[in-house]
2 protein chains.
Amino acid sequence: MATPRAATRSGVKDKGGTGGTPPVPQRLMAAATRLFSERGYDRTSVQEIVEAAGVTKGALYHYFGSKDDLLHEIYGRLLRRQKERLDAYADADEPVEQRLRRAAADVVVTTIDNLDDAKIFFRSMHQLSPEKQKQVRAERRLYHERFRDLVEEGQRSGVFNADTPPDLVVDYHFGSVHHLSHWYRPDGKLTPQQVADHLADLLLRALRP
Amino acid sequence: MATPRAATRSGVKDKGGTGGTPPVPQRLMAAATRLFSERGYDRTSVQEIVEAAGVTKGALYHYFGSKDDLLHEIYGRLLRRQKERLDAYADADEPVEQRLRRAAADVVVTTIDNLDDAKIFFRSMHQLSPEKQKQVRAERRLYHERFRDLVEEGQRSGVFNADTPPDLVVDYHFGSVHHLSHWYRPDGKLTPQQVADHLADLLLRALRP
DNA sequence: CATGACATACCGACTGGTTAGTCTGCCGCA
DNA sequence: TGCGGCAGACTAACCAGTCGGTATGTCATG
């Protein structure tokens, strides 16, 4: 657990009031996210992070146990957000093809909305300490399985083609989601929603019986 | 060009004869490929590479201008191989859906056969110097366009669904190819060819009119 | 209400360790 | 004798994490 001296998730009062500068831990996370996505984890020095956040090393190591810990928090934030959203779609009271389509499109939109996180996710996984890596993988697996169950359900009920193993279908789709950070440009022709609809269409068409 | 002191691609006589140890530049490339894929570019020291190759720093800097140069050569090797294979399939005298299917499946098989290269490809792109990065991107774009033309041809002739922009279709497929290095395990249930067939099926099904 | 005890939130100089790249020189072959 | 092919000690730079110190706030007590 890297001996964090203070809980990052615990409430920290924002002395600036609504509208002021965000509290220090958030500023550090934001700065780190941007820098990690731009230069990569190893190429970003702790000094650069604290300068971008307008504090010093003392502050960083007051809130985070290590540089590695900071990265881990970024992963945690992303995974929590994604799981939350998937659960909402998967639990909806709709036909399975609707639920899958909405979930598939939503993960595209939220990925584009947080492209920095997405860039970091796969690129920096191996910079995490082995235990933290294991933990992230476990959370990731839960997410994958929830998604896979949707595909499987549709295959069993006959609304989806059952020729392809469901795990492979999920990896197919998430491959394309992962790949977004390599080609999507906010100033391009397609809006996030349009890209999401297209990718969901491709998935659903691939699953037609 | 980072002042390489000797041409890496130029013929280097293999004093060991057929069956002996490969010449030093190849040994260095092989060691670097393995280590980069295992630990990442930044976490691999030049010292480790030369030790794994059974030589010293003097040898490495005799053949390569920099550590960065070594990475660039790995990219070059992969891109040359991929482009060569794609050209062969795209130029074949077959219906477009056959050509696309074969090309799509082939890139999966060769990616699995060179998983280390694939791992490095997207993970370490940003560690390359800006100019080398630009060069790699340009070569990559050519590859992408060749593939896209196949999709476009099929859409124009009506054998493929034309609802999705062809560029997006290509990114969809290559997303899944890219993703292979994150989940494929050689000791898993599916052979490379089986995975390739499934992924090609998914692509072709998504493109059905 | 004043006071002292303690905690939180941060500062910034310092350390120990690591690393890419250099440079001088040896050695065997042509 | 010259040169490609390498060896390996050396250097200059950098960087994560530490640690003693300061300022501000909180809280119990007399």
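So you know, we letter chains A, B, ... as the sequences are listed, proteins then strands, and number each from 1.
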Centre of Phe36(A)'s six-membered ring, under 6.0 Å away, within 45 degrees of the axis: is that where NZ or CZ of Lys67(A) sits? no

Would Arg140(B) count as a cation-pi partner of Tyr75(B), with NZ or CZ less than 6.0 Å from the six-membered ring centre and within 45° of the ring normal? no

Pairs: protein N or O with nucleotides 17-21 of chain C N or O, under 3.5 Å:
unit_1, atom_1, unit_2, atom_2, d
dA20(C), OP1, Lys67(B), NZ, 3.0
dA20(C), OP2, Val46(B), N, 2.9
dA20(C), N7, Lys57(B), NZ, 2.9
dG21(C), OP2, Tyr61(B), OH, 2.9
dG21(C), OP2, Lys67(B), N, 3.1
dG21(C), N7, Lys57(B), NZ, 2.9
dG21(C), O6, Lys57(B), NZ, 2.6

Using the test side-chain hydrogen bond (donor to acceptor under 3.5 Å, both in side chains), find all partners of Arg205(A) that sit at least two apart in sequence or belong to another chain. Thr164(B)

Separation of [N] [atom2] from [X] [atom1] (nearest whole Å):
X: Arg39(A); N: dC14(D); atom1: CZ; atom2: P; result: 14 Å
X: His62(B); N: dG25(C); atom1: NE2; atom2: C1'; result: 15 Å
X: Phe64(A); N: dA16(D); atom1: CZ; atom2: P; result: 15 Å

Using modelled atom types only, decide if a donor and an acceptor are shared between the side chain of Tyr184(A) and the backbone of Leu190(A) within a distance under 3.5 Å. yes

Does the ring center of His178(B) lie less than 6.0 Å from the ring center of His178(A)? yes

